[in-house]
A.B. asks: 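What follows is a single structure, and I will ask about it in a moment.
Heavy-atom basis, side chains included; hydrogens, waters and symmetry copies ignored. In this chain, residues are counted from 1 in sequence order.
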Amino acid sequence: EQELFFLLLGSFLIISSLIMFLQFLYQKEIKKNKNHSFFKDLIIGGSIGFLSGVVGIGGGIFLTPILYLQKWGLPKTIAATASFYILINSIFGLIGQFFNPHFSINFYLIIYLGVAVILGGSLGAYSSSIKLSQKTVQLFTAFVIFILSLRIIIKYM
């Protein structure tokens with residue numbers, strides 16, 4: 001059932017965020033795992049794409065914790081990669097919606113959200129590239145995933 005699925009999803013995401021938080025607390029130095037397997041990365045990426053398509057949630061919420069837990073890169077690199085992935089995913093999602101006969105656009109909402117995205121994105125990019133340490137970016141990411149996970153669980157309880 002849909003409710004059970006989303007409760008499990010939220011629970012797994014909370015566990016991922018808690019592991020990221022524990023890494024933040026107990027990991028003295030953040031190191032990148034250099035042993036990547038193209039085949040393993042392809043399987044993970046395909047699974048994320050399939051799962052996000054089935055449940056209708058953008059894959060960024062799945063991709064980000066996996067990249068952290070796999071130590072795919074440094075936190076700032078992971079944050080930038082996930083942001084780019086979410087942008088591309090959103091563009092293709094909008095393109096798909098244009099083929100929906102019931103799709104309509106609220107231009108006022110687009111303007112407000114566009115301004116918020118530009119301001120928030122600019123502030124976030126500046127902060128993460130200049131002001132924040134790698135570990136702080138990891139902490140913020142764990143916090144965001146935790147909050148989103150709670151929202152999923154609360155919505156489907």
A.B. asks: Quick check: does any side chain N or O of E3 sit under 3.5 Å from a backbone N or O of M157, one acting as donor and the other as acceptor?
C.D. replies: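 Checked: no pair found.
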A.B. asks: Are I88 and I66 connected, step by step, through hydrophobic side chains (Ile, Leu, Val, Met, Phe, Trp, Tyr) whose heavy atoms are closer than 4.5 Å?
C.D. replies: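 Unlinked, I88 and I66 end up in two clusters.
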A.B. asks: Please report the shortest heavy-atom distance between S11 and L7, naming the atom on each side.
C.D. replies: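 That would be OG-O, 2.8 Å.
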A.B. asks: Output, in order, the C-alpha distance, side-chain angles, deciding distance and verdict of side-chain contact (heavy atoms from CB on, under 4.5 Å) for I48 and Y85.
C.D. replies: CA-CA 12 Å; I48 290 170; Y85 173 83; 3.9 Å; yes
A.B. asks: Using side-chain heavy atoms (C-beta onward) and a distance below 4.5 Å, is Y68 in contact with Q138?
C.D. replies: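 A side-chain contact exists here, since the closest heavy-atom pair is under 4.5 Å.
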A.B. asks: Evaluate whether atom CZ of F50 has more than 12 neighbouring non-hydrogen atoms of other residues, nucleotides or ligands under 6.0 angstrom away.
C.D. replies: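 No.
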A.B. asks: What are the two closest heavy atoms between G60 and I86, and how far apart are they?
C.D. replies: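 Looking at all heavy atoms of both residues, the shortest contact is CA-CG1, 3.8 Å.
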A.B. asks: Can you get from I15 to L13 by hopping between Ile, Leu, Val, Met, Phe, Trp and Tyr side chains that sit under 4.5 Å apart?
C.D. replies: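 Shared cluster, yes.
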A.B. asks: Do the side chains of L69 and S16 get nearer than 4.5 Å, heavy atoms only?
C.D. replies: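 S16 reaches L69 side chain to side chain.
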A.B. asks: Checking side-chain contact (heavy atoms from CB on, under 4.5 Å) for the pair I43/F39: CA distance, chi angles, key distance, verdict?
C.D. replies: CA-CA 6 Å; I43 296 294; F39 184 71; 4.0 Å; yes
A.B. asks: Rounded to the nearest 0.5 Å, how far does CG of L94 lie from CG of N89?
C.D. replies: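 If I round to the nearest 0.5 Å, the distance is 10.0 Å.
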A.B. asks: For the residue pair F103 and F98, categorise the inter-ring angle as parallel (less than 30°), tilted (30 to 60°) or perpendicular (more than 60°).
C.D. replies: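 Rings of F103 and F98: perpendicular, over 60°.
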A.B. asks: Using the rule that Ile, Leu, Val, Met, Phe, Trp and Tyr join whenever any side-chain heavy atoms are under 4.5 Å apart, tell me whether W72 and L51 fall into a single cluster.
C.D. replies: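 Result: yes, single cluster for both.
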A.B. asks: Look up atom CD in Q97 and atom OG in S104, then write down how far apart they are to the nearest 0.5 Å.
C.D. replies: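 Going from CD on Q97 over to OG on S104, the span is 10.0 Å.
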A.B. asks: Transitively linked via ILVMFWY side-chain contacts under 4.5 Å: V117 with Y112?
C.D. replies: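 Cluster IDs for V117 and Y112 differ.
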A.B. asks: Mind listing the closest non-hydrogen atom pair of I78 and T64 along with its distance?
C.D. replies: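 Taking I78 first and T64 second, the nearest heavy atoms are CG2-O, 4.3 Å.
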A.B. asks: Is Y156 close to L9 at the side-chain level, that is, under 4.5 Å between some pair of heavy atoms?
C.D. replies: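 They are not in contact (no side-chain heavy atoms under 4.5 Å apart), so the answer is no.
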A.B. asks: How close do G10 and S149 get, counting heavy atoms only, and between which atoms?
C.D. replies: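 Looking at all heavy atoms of both residues, the shortest contact is O-CB, 3.5 Å.
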A.B. asks: Between A79 and V137, what is the shortest heavy-atom contact and its length?
C.D. replies: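 Shortest heavy-atom contact: CB-CG1, 4.1 Å.
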A.B. asks: Can you get from F99 to I91 by hopping between Ile, Leu, Val, Met, Phe, Trp and Tyr side chains that sit under 4.5 Å apart?
C.D. replies: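 In one cluster with F99: I91, yes.
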A.B. asks: Check for a donor-acceptor pair, side chain of K135 on one end and backbone N or O of F24 on the other, with a separation under 3.5 Å.
C.D. replies: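 Side chain of K135 to backbone of F24: a pair is present.
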A.B. asks: Atom CZ of F21 and atom CD1 of I145: how far apart are they, to the nearest 0.5 Å?
C.D. replies: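 It comes to 13.5 Å.
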A.B. asks: How far apart are the closest heavy atoms of S17 and A142, and which atoms are they?
C.D. replies: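 Where S17 meets A142 most closely, the heavy atoms are CB-O, 3.3 Å.
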A.B. asks: Checking the side chain of T77 only, and the main-chain atoms of G73 only, is there a donor and an acceptor separated by less than 3.5 Å?
C.D. replies: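 Side chain of T77 to backbone of G73, a donor-acceptor pair under 3.5 Å: no, none is there.
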A.B. asks: Rounded to the nearest 0.5 Å, how far does NZ of K76 lie from OG1 of T136?
C.D. replies: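 One gets 8.5 Å once the value is rounded to the nearest 0.5 Å.
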A.B. asks: Roughly how far apart are I118 CD1 and L123 CG, rounded to 0.5 Å?
C.D. replies: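 Output value for this atom pair is 13.5 Å.
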A.B. asks: Evaluate F84 against T81 for side-chain contact (heavy atoms from CB on, under 4.5 Å), listing each step before the verdict.
C.D. replies: CA-CA 5 Å; F84 182 71; T81 301; 5.9 Å; no
